[in-house]
Amino acid sequence: TPADVTRIQAVTGEEGFHEFRVPANPDYLDQDDDPVWAHYVFRGDKSRRILKHQDNGDCHFLTSTGCRLPLALRPLVCRIYPYDFRDGRITGIVEDLCPTSLLESGQSLTAALGMEQTEEPARWVADLYREIMAEGSEGPFQPTLPLAA
């Protein structure tokens with residue numbers, strides 16, 4: 001979100017770490033199940049704001065020890081992961097993109113990430129929708145759909 005960019009720039013002093021790009025995976029353009037996301041995130045040319053990648057394809061902020069941004073500074077979509085969301089609410093967990101085979105026997109992905117039994121992901125999803133909708137609004141932000149508290 002523009003607010004993510006502002007937060008990161010204010011703390012790191014970096015600029016130019018994001019760009020607008022069409023998703024590499026065309027399946028990502030199918031957002032019929034979340035018209036709010038589709039309306040506010042994608043531009044007319046189907047591009048959206050993303051973090052730039054390093055030459056090896058990794059995120060601009062990824063190091064050999066993980067993300068170099070503190071959790072509170074990371075873009076909201078990064079903080080929310082591995083939770084899936086739609087219409088301003090968490091809808092499940094996206095485990096197929098994580099190396100869950102590395103988990104200890106019986107350990108959940110959210111437990112391994114320290115995100116079990118916390119209200120933060122739901123709050124971050126609500127913040128994310130407020131921020132994307134505020135970007136496209138004129139004047140004071142007025143939510144047009146119920147958002148998770």
Side-chain angles (χ1 to χ4, degrees), residues 1-63 66-100 108-149:
T1 70
D4 286 328
V5 170
T6 299
R7 284 188 290 268
I8 293 168
Q9 285 176 337
V11 173
T12 66
E14 287 188 53
E15 295 184 11
F17 53 84
H18 64 97
E19 63 188 342
F20 283 90
R21 190 178 338 153
V22 175
N25 181 347
D27 290 341
Y28 191 75
L29 290 171
D30 179 14
Q31 298 290 322
D32 291 342
D33 59 344
D34 194 346
V36 171
W37 183 263
H39 176 77
Y40 288 101
V41 171
F42 290 94
R43 300 187 326 176
D45 64 357
K46 300 190 187 290
S47 66
R48 84 248 191 256
R49 183 181 292 106
I50 64 164
L51 296 175
K52 287 185 177 178
H53 294 169
Q54 300 174 43
D55 290 341
N56 66 1
D58 288 345
C59 172
H60 174 79
F61 294 109
L62 188 64
T63 69
C67 183
R68 66 182 166 99
L69 297 175
L71 181 62
L73 188 57
R74 293 177 191 161
L76 287 163
V77 294
C78 297
R79 286 185 246 171
I80 294 165
Y81 188 79
Y83 289 97
D84 198 8
F85 54 88
R86 186 174 308 114
D87 292 329
R89 302 196 187 291
I90 290 176
T91 59
I93 296 175
V94 182
E95 291 194 11
D96 60 332
L97 300 176
C98 288
T100 54
S108 72
L109 179 58
T110 53
L113 295 172
M115 297 176 77
E116 197 168 48
Q117 298 185 352
T118 177
E119 295 178 7
E120 285 182 313
R123 185 176 40 105
W124 292 330
V125 169
D127 290 346
L128 175 65
Y129 277 75
R130 283 187 193 99
E131 289 183 12
I132 65 169
M133 291 171 70
E135 176 180 15
S137 69
E138 295 182 348
F141 171 65
Q142 297 294 320
T144 58
L145 76 156
L147 298 174

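All residue numbers in this chain count up from 1 along the given sequence.
Side-chain contact between I8 and E14 is absent, with no heavy atoms from C-beta onward closer than 4.5 Å. Using a 4.5 Å heavy-atom cutoff, the side chains of F17 and K52 are not in contact. Counting heavy atoms from C-beta outward, E19 and H53 have side chains that stay 4.5 Å or more apart. Inter-residue side-chain proximity for L69 and T12 is flagged as met; some heavy-atom pair is nearer than 4.5 Å.
Nearest heavy atom pair, residue V41 against residue R48, reads O-CB, 3.5 Å. Looking at every heavy atom in both residues, Y83 comes nearest to P121 through CE1-CG, 3.5 Å. Residues R86 and D34 come closest through the heavy atom pair CA-OD2, 3.3 Å. Looking at every heavy atom in both residues, D58 comes nearest to N56 through N-OD1, 2.9 Å. Minimum heavy-atom separation, R68 to T63: CB-CG2, 3.8 Å. Residues D87 and P35 come closest through the heavy atom pair OD1-CD, 4.1 Å.
Aromatic ring centroids of F85 and W37 lie under 6.0 Å apart.
Heavy atoms from other residues, nucleotides or ligands lying under 6.0 Å from CG of D55 number 12 at most.
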Does I50 form a side-chain contact (heavy atoms from CB on, under 4.5 Å) with H18? I'd like the steps, not just the answer.
CA-CA 5 Å; I50 64 164; H18 64 97; over 6 Å; no
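If you run side chain to side chain contact (heavy atoms under 4.5 Å, CB included) between P75 and each of L51, I80, L128, only L51 comes through.
Q31 CD to H39 NE2: the interatomic distance, rounded to the nearest 0.5 Å, is 14.0 Å. We find the CH2-CZ distance between W124 and R74 to be 8.5 Å, quoted to the nearest 0.5 Å. Atoms CZ and OG1, on R130 and T1 in that order, are 13.0 Å from each other to the nearest 0.5 Å.
Counting only distance, with no hydrogens or angles, the side chain of E120 and the backbone of R79 share no donor-acceptor pair below 3.5 Å.
E131 has no carboxylate O lying under 4.0 Å from a charged side-chain N of R49, or vice versa, which leaves the two without a salt bridge.
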